[in-house]
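Atoms within each ligand, like the ligands themselves, are counted from 1 in listed order.
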Amino acid sequence: MSNNLTWHDHRVTKSQRASQKFQTPCVLWFTGLSGAGKSTVANMVEQQLFQAGYHCFLLDGDNMRHGLNKDLSFSDADRVENIRRAGEVSKLFADSGLIVLSAFISPFRSDRRMVRQLFPEQEFVEVFIDAPLEVCEERDPKGLYVKARQGLIPNFTGIDSDYETPEKPEIHLRTDLHTPEQCMQQVMSYLAENGILKDIRPDQIPVTRKEAFVSNDQN
Ligand SMILES: Nc1ncnc2c1ncn2[C@@H]1O[C@H](COP(=O)(O)OP(=O)(O)O)[C@@H](O)[C@H]1O
Ligand SMILES: [Mg+2]
């Protein structure tokens with residue numbers, strides 16, 4: 001990093017942005033093998049939160065590799081950079097007051113630790129989406145395991161690249177034993193029990209703003 005860079009403080013603070021939204025920002029970091037169910041569960045949680053009035057955003061590894069991270073391969077070094085960028089983007093979104101759902105295989109403990117360290121302790125929630133490799137391979141929703149077994153995809157997590165299981169995730173979901181709906185409910189219960197969902201007071205959203213929004217919507 002250049003020595004000539006200075007951090008510029010913002011006039012509008014993170015806590016002001018969060019209280020404008022009546023919520024406590026956090027990052028739900030979904031990690032697990034390909035096909036374990038990260039995208040499926042993260043989508044359901046996001047939909048549930050959205051319908052309850054929360055402001056949230058899902059960052060999905062596959063989608064980020066189409067844009068911001070499309071210059072990166074699946075080598076160990078590029079995987080580290082992939083997660084570093086994902087962590088930094090998650091932090092920006094959380095700083096904007098959002099509840100962020102980040103779904104990345106993120107196979108290496110050191111990378112997940114690096115991301116965790118970007119956040120205050122309560123704000124980072126590691127969600128281990130756990131299913132045995134055999135189950136993920138059986139599901140193979142994108143046909144990737146078949147290709148990896150044929151040697152067509154080098155460095156495939158679980159096949160010829162490691163997945164280091166989380167040691168102390170805040171939430172551990174066995175997607176081979178529970179339905180997606182049950183997994184989503186477990187995440188929602190964790191958020192409720194840990195004070196992350198306590199602030200929502202839709203009745204307090206200024207009426208004028210609601211009215212302006214509704215009338216804009218009709219135009
Ligand atoms: N409990 C569960 N949670 C999540 N996905 C499940 C579950 N049970 C079965 N599945 C299936 O497993 C697949 C998971 O795919 P996906 O969510 O794309 O995985 P990932 O994003 O981890 O690669 C989907 O086809 C989904 O329907
Ligand atoms: Mg996915």
Among protein heavy atoms, which sits nearest to atom 18 (O) of ligand 1, and what does the distance come to when rounded to 0.1 Å? Ser39 CB, 4.1 Å
For Ser34, the ligand 1 atoms whose distance to one of its heavy atoms is below 4.0 Å: 23 (O)
Quick one: look up the protein heavy atom nearest atom 19 (O) of ligand 1 and list residue, atom name and how far away it is. Gly37 N, 3.2 Å
Is the shortest distance from a heavy atom of Ala103 to ligand 1 less than 4.0 Å? no
Inspect the contact between Glu81 and Arg84 and indicate whether a charged nitrogen and a carboxylate oxygen are less than 4.0 angstrom apart. yes
Below 4.0 angstrom from a heavy atom of Thr175, which ligand 1 atoms are there? Numbered from 1 as shown, please. 1 (N), 2 (C), 3 (N), 7 (C), 8 (N)
Mark up the atoms of ligand 1 that fall under 4.0 Å of a heavy atom belonging to Thr179, in ascending order. 1 (N)
Would you check, one step at a time, whether the test salt bridge (charged side-chain N to carboxylate O under 4.0 Å, His left out) holds for Glu170 with Arg116? CA-CA 12 Å; Glu170 277 73 14; Arg116 183 184 283 273; 2.9 Å; yes
Going by heavy atoms, is Lys142 under 4.0 Å from ligand 1? yes
Using 2.8 Å as a strict upper limit, say whether an N, O or S atom of Thr40 approaches the Mg ion (ligand 2) that closely. no
Angle class for the Phe119/Phe124 ring planes (parallel below 30°, perpendicular above 60°, tilted otherwise)? parallel
Just distances here: any N/O of Cys183 and N/O of ligand 1 closer than 3.5 Å? no
Indicate if Leu191 and Ile129 have the same hydrophobic cluster label, given that clusters are the connected sets of ILVMFWY residues with side-chain heavy-atom separations under 4.5 angstrom. yes
Check contact between Leu33 and ligand 1, using heavy atoms of the residue and a distance below 4.0 angstrom. yes
Has the side chain of Gln16 got a donor or acceptor atom that lies under 3.5 Å from a matching backbone atom of Thr13? yes
One residue to check: Lys38. Relative to ligand 1, which of side chain, backbone, both or neither has a non-hydrogen atom less than 4.0 Å away? both
Evaluating non-hydrogen atoms only, which member of Gly35, Ala36, Gly32 is closest to atom 23 (O) of ligand 1? Gly35
For atom 25 (O) of ligand 1, the protein heavy atom that lies nearest, with its residue and separation: Pro141 CB, 3.9 Å
Residue pair Asn82, Arg65: steps toward the side-chain contact (heavy atoms from CB on, under 4.5 Å) verdict: CA-CA 8 Å; Asn82 183 46; Arg65 279 187 178 272; 3.5 Å; yes
On a heavy-atom basis, I'd like to know which of Ile105, Thr40, Asp60 is closest to atom 26 (C) of ligand 1. Thr40
Measure from the ring center of Phe156 to the ring center of Tyr145 and say whether it is less than 6.0 Å. yes
Would you say ligand 1 has an N or O under 3.5 Å from any N or O of Pro180? yes
Counting heavy atoms not belonging to Lys14, are there more than 12 under 6.0 Å from its NZ? yes
With a 4.0 Å cut-off on heavy atoms, does Val41 reach ligand 1? yes
Among all protein non-hydrogen atoms, which one is nearest to atom 8 (N) of ligand 1, and what is the separation to 0.1 Å? Arg139 NH2, 3.4 Å
Atom 1 (N) of ligand 1: nearest protein contact (heavy atom, Å): His178 O, 2.6 Å
When you measure from the side chain of Asp176 to the backbone of Val135, do you find a donor-acceptor pair of N or O atoms at a distance under 3.5 Å? no
Using a distance-only test with no angle check, is there a side-chain donor-acceptor pair under 3.5 angstrom linking Asp111 and Ser106? no
Using a 6.0 Å cut-off, check whether atom CD of Glu164 has over 12 heavy atoms from anything other than its own residue. yes
